[in-house]
Amino acid sequence: MNYVKTAVCVKCGAEHEATPNLTTCRKCGGILDIRYDYDGIRSSLSKSSLKERDDFSMWRYKEFLPVDDAQLAGGVSPSGLRVGWSPLYKADRLAGQLGLSALYVKDDGINPTASLKDRASAMAVAKAKEAGAKIIACSSTGNAASSLAGNAAAAGFETVIFVPERAPKGKVAQLMVFGAHVISVKGTYEDTFRLSAEAIEEYGWYNRNAAINPYLMEGKKTVSFEIAEQLDFHMTDYVAVSVGDGCTISGVWKGFTDLYQAGLIDRLPRLISVQAEGCCPINRAIAEGKDWYPMEENTIADSIAVGVPRNPDKALNAIRESNGVTVNVSDEEILQAMRILGRTCGVFAEPAGAAGTAGVKKALEEGLIPSNASVVSIVTGSGLKDVANAMKAAGEPVSIEPSMEKLREVLTL
Ligand SMILES: *Cc1c(COP(=O)(O)O)cnc(C)c1O
Ligand SMILES: [Zn+2]
């Protein structure tokens, strides 16, 4: 049973039928939002019926997803990969170090292609199947691309992927191994996005571009369903997440508001929107109480180096509606958060993946959140994707001749 009612434009309110290859509003070009029959969901889903399910993946929450049961038949996910149900760690040592009452780390770097983007790409594959497409295309700073390439490969689709030339090698290597047709564009992410849009228009490929395809966020929101269920539906005060295009934070908010509307949680967390100091157009718009305008892409955190965000309307709505907190972190603070996450939690994050945690630390230090708060920090991607920056965060090992004498000289335990 599919509880989707309609798709509504967030700009002009125009309603659209929720066809599989839906993109932006036909009237004004605005971004669409998928709406559900929450009464129907409420009557067929409860906390206890959820507990009995043995599907430990993002498809566990199928009532809240725009897919038909046929796609989920036999307990197999539409892309074939196991996406979601990542661990939520209670990070007591990290909380102690930061001086925070309760901190949880949601490690989405454990997804099949090692980022939260797998949730969106698995959904893109499900909808491309429904649309009868053969080729799926997207442009990406890296993770949307590598996750699409992996999920599409598993389901037997071809992919055409546009990446800016600065994309880290680990992510490009994933694309090559997954057999994508990769176009590395000599330009910014903005240039890359524009070229992909023109090519998709000309060739008629299925569009997995952030924000343009409204179903992607429906995949991303499953991270919030898991967080809520893993907390036994007792929500924390705050949830921190790093922000680039703004699709992730919008998805996170949609997940919580879905649960709230279906009566599964009784209060909503406040969002902590974390951007890089060198690229923070969304947080700047909140701080200035104005609309956003473009900014340079000046940070090591490539996944959130987005100077022209693709989903600013939904992201700004999410932050404002949740009475959220914004915080911008420096590259140095991001590298430090990578070390702290590794050393207190054993979690290896890429720079954008650690930025959320850097933001929690800074928000505490600046008094933006109180020390008696409870917080979930979402780690959005794995450090293995960007080994160069991991080495920058943690340094090189000591190197010695193979002798005990030399070892005694250098060992500082
Ligand atoms: C894409 C991404 C983000 C940010 O998501 P947006 O939708 O662009 O805001 C954060 N972290 C990682 C690792 C990502 O890949
Ligand atoms: Zn519209």
Side-chain angles (χ1 to χ4, degrees), residues 7-16 22-33 106-111 113-121 138-148 163 167-168 170-171 174 189 193 208-214 216-217 219-221 223 240-254 271 273-276 279-283 297 299-316 318-319 334 338 348-359 377-386 389:
V8 177
C9 174
V10 296
K11 263 218 171 96
C12 78
E15 285 200 21
H16 297 64
L22 205 57
T23 56
T24 45
C25 175
R26 278 191 301 274
K27 273 202 177 138
C28 78
I31 287 170
L32 300 180
D33 190 41
K106 175 76 169 166
D107 185 10
D108 244 45
I110 65 85
N111 276 302
T113 77
S115 83
L116 185 146
K117 296 284 195 300
D118 278 332
R119 299 177 186 273
S121 291
C138 81
S139 74
S140 157
T141 56
N143 285 331
S146 56
S147 69
L148 173 63
V163 288
K171 300 180 185 180
Q174 285 183 296
Y189 174 47
F193 190 93
R208 185 254 180 263
N209 269 340
I212 301 295
N213 182 327
L216 302 180
M217 232 184 71
K220 286 187 171 183
K221 74 184 182 183
V223 70
V241 64
S242 59
V243 177
D245 274 314
C247 300
T248 306
I249 196 166
S250 316
V252 164
W253 183 239
K254 177 94 181 264
L271 297 174
S273 165
V274 185
Q275 293 205 285
C279 190
C280 53
I282 288 181
N283 281 356
E297 297 175 350
T299 170
I300 58 162
D302 66 290
S303 300
I304 54 169
V306 182
V308 180
R310 293 289 141 198
N311 208 344
D313 294 339
K314 277 191 190 173
L316 291 168
I319 298 165
I334 289 173
M338 287 168 68
F348 188 13
E350 66 165 275
T357 305
S377 183
I378 304 176
V379 169
T380 46
S382 161
L384 282 173
K385 286 173 172 278
D386 186 354
N389 275 315

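When a ligand or atom number is given, it counts from 1 through the structure's own listing order. Small disclaimer: the values here were computed from a predicted structure and weren't measured. Just the heavy atoms: all of them, side chains too, but no hydrogens, waters or symmetry mates, feed the values below.
- In the vicinity of C247, heavy-atom distances shorter than 4.0 Å reach the ligand 1 atoms 6 (P), 7 (O), 9 (O).
- Contacts of C279 classified as side-chain contact (heavy atoms from CB on, under 4.5 Å), with partners at least two apart in sequence or in another chain: P281, E297, T299.
- Residue contacts with ligand 1 include I304, since one of its heavy atoms falls under 4.0 Å from the ligand.
- Of the polar atoms of N143, at least one N or O is found under 3.5 Å from an N or O of ligand 1, judged by distance alone.
- Taking all atoms of both residues into account, the shortest heavy-atom contact from A14 to C25 is CB-SG, 4.2 Å.
- Within ligand 1, counting atoms from 1 as listed, the ones closer than 4.0 Å to a heavy atom of G244 are 4 (C), 6 (P), 8 (O), 9 (O).
- Nearest heavy-atom pair, Q275 versus I282, reported as atom, atom and distance to 0.1 Å: OE1-N, 3.0 Å.
- Under the side-chain contact (heavy atoms from CB on, under 4.5 Å) rule, K106 has a single partner from V379, V223, L116, which is V223.
- In terms of protein heavy-atom proximity, atom 3 (C) of ligand 1 is nearest to K117 NZ, 3.5 Å.
- Atom 11 (N) of ligand 1 has as its closest protein heavy atom T380 OG1, 2.7 Å.
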Check: Can S115 and T380 be said to form a side chain to side chain contact (heavy atoms under 4.5 Å, CB included), step by step?
Finding: CA-CA 6 Å; S115 83; T380 46; over 6 Å; no

Could you go through K171 and S303, starting from their C-alpha distance and side-chain angles, then the distance that decides it, and tell me whether this counts as side-chain hydrogen bond (donor to acceptor under 3.5 Å, both in side chains)? CA-CA 11 Å; K171 300 180 185 180; S303 300; 2.8 Å; yes

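- No side-chain donor-acceptor contact under 3.5 Å links Q174 and T113.
- When only non-hydrogen protein atoms are considered, atom 8 (O) of ligand 1 lies nearest to D245 N, 2.8 Å.
- Ligand 1 has no atom lying under 4.0 Å from any heavy atom of S115.
- The backbone N or O of R310 lies less than 3.5 Å from a partner atom in the side chain of D245, making a donor-acceptor pair.
- Nearest non-hydrogen protein atom to atom 10 (C) of ligand 1 is S242 OG, 3.2 Å.
- Using a non-hydrogen distance threshold of 4.0 Å, K220 registers as a contact of ligand 1.
- For V243, the heavy-atom gap to ligand 1 drops under 4.0 angstrom.
- Residues C247 and A211 share a closest heavy-atom pair of SG-N, 3.5 Å.
- Contact atoms of ligand 1 toward G246: 6 (P), 7 (O), 8 (O), 9 (O) (distance under 4.0 Å to a heavy atom of the residue).
- Those atoms of ligand 1 with a heavy atom of E350 less than 4.0 angstrom away are 13 (C).
- Centred on the Zn ion (ligand 2), the SG atom of C12 and the SG atom of C28 lie at an angle of 110°, reported to 10°.
- Heavy-atom minimum distance, M217 versus S250: SD-CB, 3.6 Å.
- Taking atom 5 (O) of ligand 1 as the reference point, the nearest protein heavy-atom neighbour is T248 OG1, 2.6 Å.
- Considering all non-hydrogen atoms of both residues, L148 and C138 come closest at CD2-SG, 3.8 Å.
- Angle SG (C9) to the Zn ion (ligand 2) to SG (C25): 110°, rounded to 10°.
- Backbone and side-chain nitrogen or oxygen atoms of G381 are examined, and none is located within less than 3.5 angstrom of a nitrogen or oxygen of ligand 1.
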